[in-house]
Amino acid sequence: MVSDTPTLVSSPSRWTGFLDRNLRNPLRLVGIILMAYLAYIAIANIASGQFTLERFVRLFIFGLAQGSIYALIALGYTLVYGILSMINFAHSEVFMAGAYIGFFAINAMDQSGFLDDQTFLALLITVLVGMSASVTIAVLLERIAYRPLRGAPRLVPLITAIGASITLQQLFLRLFGSGTRVYPDVNFFVLPGIFNNLECIEVNGAQVCRGLDLIGGRYEVEFLGLSLQIRPIYFLVFFLAVIFMAALWFFVKRTKTGKAMRAVAEDKKTAALMGIDVDRVIVTTFVLGAVLAGAGGVFFALYNTQVQPFMGFFPGIKAFTAAVVGGIGNIPGAMFGGMFLGMVESIAPSLLGIPNQLRDVIVFGMLILVLIFRPTGIFGEVLSEKKA
Amino acid sequence: MTLLQVEDIHTYYGRIHALKGVSLAVEQGEIVTLIGGNGAGKTTTLNTICGITPAAKGRILLNGEDITHLPAHQIVARGVVQSPEGRKIFTRLTVRENLEMGAFTQKNPAQIAQDMEFIFSRLPRLKERHNQLGGTLSGGEQQMLAIGRALMARPRILLLDEPSMGLAPVLVEEIFELIRRINEQGTTILLVEQNARMALEIAHHGYVLQSGLVALSDKASVLIHDEAVRKVYLGEA
Ligand SMILES: Nc1ncnc2c1ncn2[C@@H]1O[C@H](COP(=O)(O)OP(=O)(O)OP(=O)(O)O)[C@@H](O)[C@H]1O
Ligand SMILES: [Mg+2]
C-alpha cells in the first residue's frame, strides 16, 4: 500500500539530491565551505580594488603559457598511464632533459652568431634537439627500467619510476654540474609591416623598425582604457602548445598507430591477436609523451630562461596533478587540467591575497578539492568500467 | 595438405601445467573442432598456437614453417587469426575502428575497404552501427563484430573460441551458419565449442580435450556417435 501512494511524497528534486549528496559527506561539506570561503575572499579583494582587471589580464596571459607547459607535460603522464596503468615519475626528467640539452644547442648557436642571423632556424633546431634528448631518455627508460617489469605488481614499476627520476637528476648533476644555466636572450622579430612602430633602431641615421619581438619582447599596451603589460612569448607558447595538442589528437584519433594505441590501452592481449606489435606501440606512446615534454621544456626555458638538473621536479609534479585533476588516462582531461592548473596557479594567489610563495599550496589544495567531488578527475571515467 | 600441425605442446601458467602434450592437425579447408569440459585447456591450446602463452615444449607448424617461438603479432601476420573467448571487442573503439584493428596486418587500403564492405554486406547490423562504440553493441552484435574483425585479417586459418557463448538459440544458429559459410569460401577453421553437438555437426574432424591431453580424436561424424562423447559432452544418458 505504501508504495502505491507516490503523490504524498514528492520525488526528490535535483536540489535536494544535491544537498543530500554533499551535506551528508563530511569531506564534501568541508570542500563546499572552503570554496565558499575562498569565493568570499576573492570577491572582497575585487570589491576593495586590490585585484584589478589589469592584473587579471596580465596573470591570465602568463597562466596561458604556464598552463600550456603543464598540459604538454601532463599528456605524457596520461598517455603512459593510459597504456600501462603506471605513473612514469621520471617524466619530469624527460622534460628537464629537453630544456637542458636544448640549452647546449641554443647556447652554441648564440655564440656562433647563428641565433642572431637565422633566429627561426636556430629556434627550430633548439626545439628539435630538446625533443630528441627527451625522446632518447624516454625510450631508454622504457627499455631498461619499465619493460622488464611489465606484469610485475603495480607498486614495483612505480618505485622504479621514482628511482629512475632520481637517477636521471643525479646523472645530469654529475655530467653538467649543479649550476643554473641561462638561456641566451633571443630576439625574434616578426611582421615589421604590421608592427611598424616597434623595436626601432637607428641605422646610419635612419630609423628602422624591426617589428614585434615574439620571444624577448615586453610591451606596454593601452587597450580599452587598460594599460597592459604584454609578453608575446606567452601567446606564442600557448599557440604552439595548441598546435602540438591538435596534432596529438589527430594522431590518436585518426592514424592507424593511434588507433592501435587505444586498442593496446584497452586490452593488450586482444591487441596482440590483431597483429599489433604491443611493445612497439608502447614505445611509440613514450616517444609521443617525450616529444611533447621536450618541446614543452624548450618553450618553458625560452621564457623562464633558467635550467638546472632539478628543474623538472615542480613542473612535473604539477603536471601530474593536472593529469589527475583532468582524469588520468584521459587526453582532453590532461589538456584541460594543465591549462586549468596553470591559470589557477597564476591568478589565485593574487586574487586571494595570498603570498605568491604559497601558490603550491593552492595547486595541491585544488587537487584535493577536485578529488573530493570527482574522485576520478573531471574528465575521468569510472575505473571499473574502463578495466572491465 | 596439413595447414596447421601441433606437435606435443606443453604450456604452463607459472607452476600450473595446463597443456600436457597436445597434438592435433588441421587440414587445409577443413573445420576442425576442439571440445572438452571447463578447464580442459581449449583456450590455452588456441593461445599457445597464437603465441600468447608460448609453448614450453613441442612444435607448431604452419604449412611446414615452425611458428612455435614467433611473437604473437608475427603469427597473425602469417594468417593465423583468433577470435578470442568472450569476444573481447574494443569497447572504446567504434565498430569501424574495431574492424580496422582486425585489418592491422593488411597493407592495401583499397583491399581493406573492400573487405570491410564485404563484411558489412554480410552483417548489415554492423553497418548500421559502424560509428557506434563497440561497448554499446549487444552480445550477439559483439560476436558478429568479433568474427568480422578476425576476417578482416584475411585468415588462412581462423581460430574461434566459443563463438556461441551466451547467445540466444536463434543467434547460435546464425553464428554457426556464418561459420559454415566462411569455411565454404575457403577459410580453414579451428573451432572451440561448449556446444559440442552443433560443433560436431558442422566440423569435419574433432578432438576431445581432457585435463590438458587429447582424450579422443576422430572424424566428427564418428565422434558424434561415440558412446563416451554422447554421455559426457552431448548430455545424453
Ligand atoms: N591465466 C591463467 N593463470 C593460471 N591458470 C590458468 C590461466 N588460464 C588458464 N589457467 C588454467 O589452465 C587450465 C586450462 O584452462 P583453459 O582456459 O585453457 O580451459 P578451457 O578448456 O578453455 O576452459 P573453458 O571451457 O572454461 O573456457 C585450467 O585449469 C585453468 O585453471
Ligand atoms: Mg576457454
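By convention in this document, chain letters (A, B, ...) are assigned in the order of the sequence lines, proteins followed by strands, and residues within each chain are numbered from 1.
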query = When the aromatic ring centroids of A:Phe336 and A:Phe340 are compared, is their separation below 6.0 Å?
reply = yes
query = Do B:Tyr12 and B:His10 have their ring centres less than 6.0 Å from each other?
reply =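 Centroid separation for B:Tyr12 and B:His10: 6.0 Å or greater.
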task = Pick one of side chain, backbone, both or neither for B:Ile75, based on which atoms fall under 4.5 Å of a heavy atom in chain A.
result =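 B:Ile75 has no heavy atom closer than 4.5 Å to chain A.
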key: Heavy-atom proximity to chain A below 4.5 Å, by part of B:Gln106   = backbone
query = Does a side-chain heavy-atom distance below 4.5 Å link A:Arg28 with A:Phe373?
reply = yes
ask   = With a 4.5 Å limit on heavy-atom distance, are the side chains of B:Phe118 and B:Gln114 in contact?
value = no
key: Under 4.5 Å from a heavy atom of chain B, the part of A:Lys268 involved   = neither
inquiry  = Counting heavy-atom pairs under 4.5 Å with chain B, which one of A:Asp279, A:Thr270, A:Val278 comes out on top?
reply    = A:Thr270
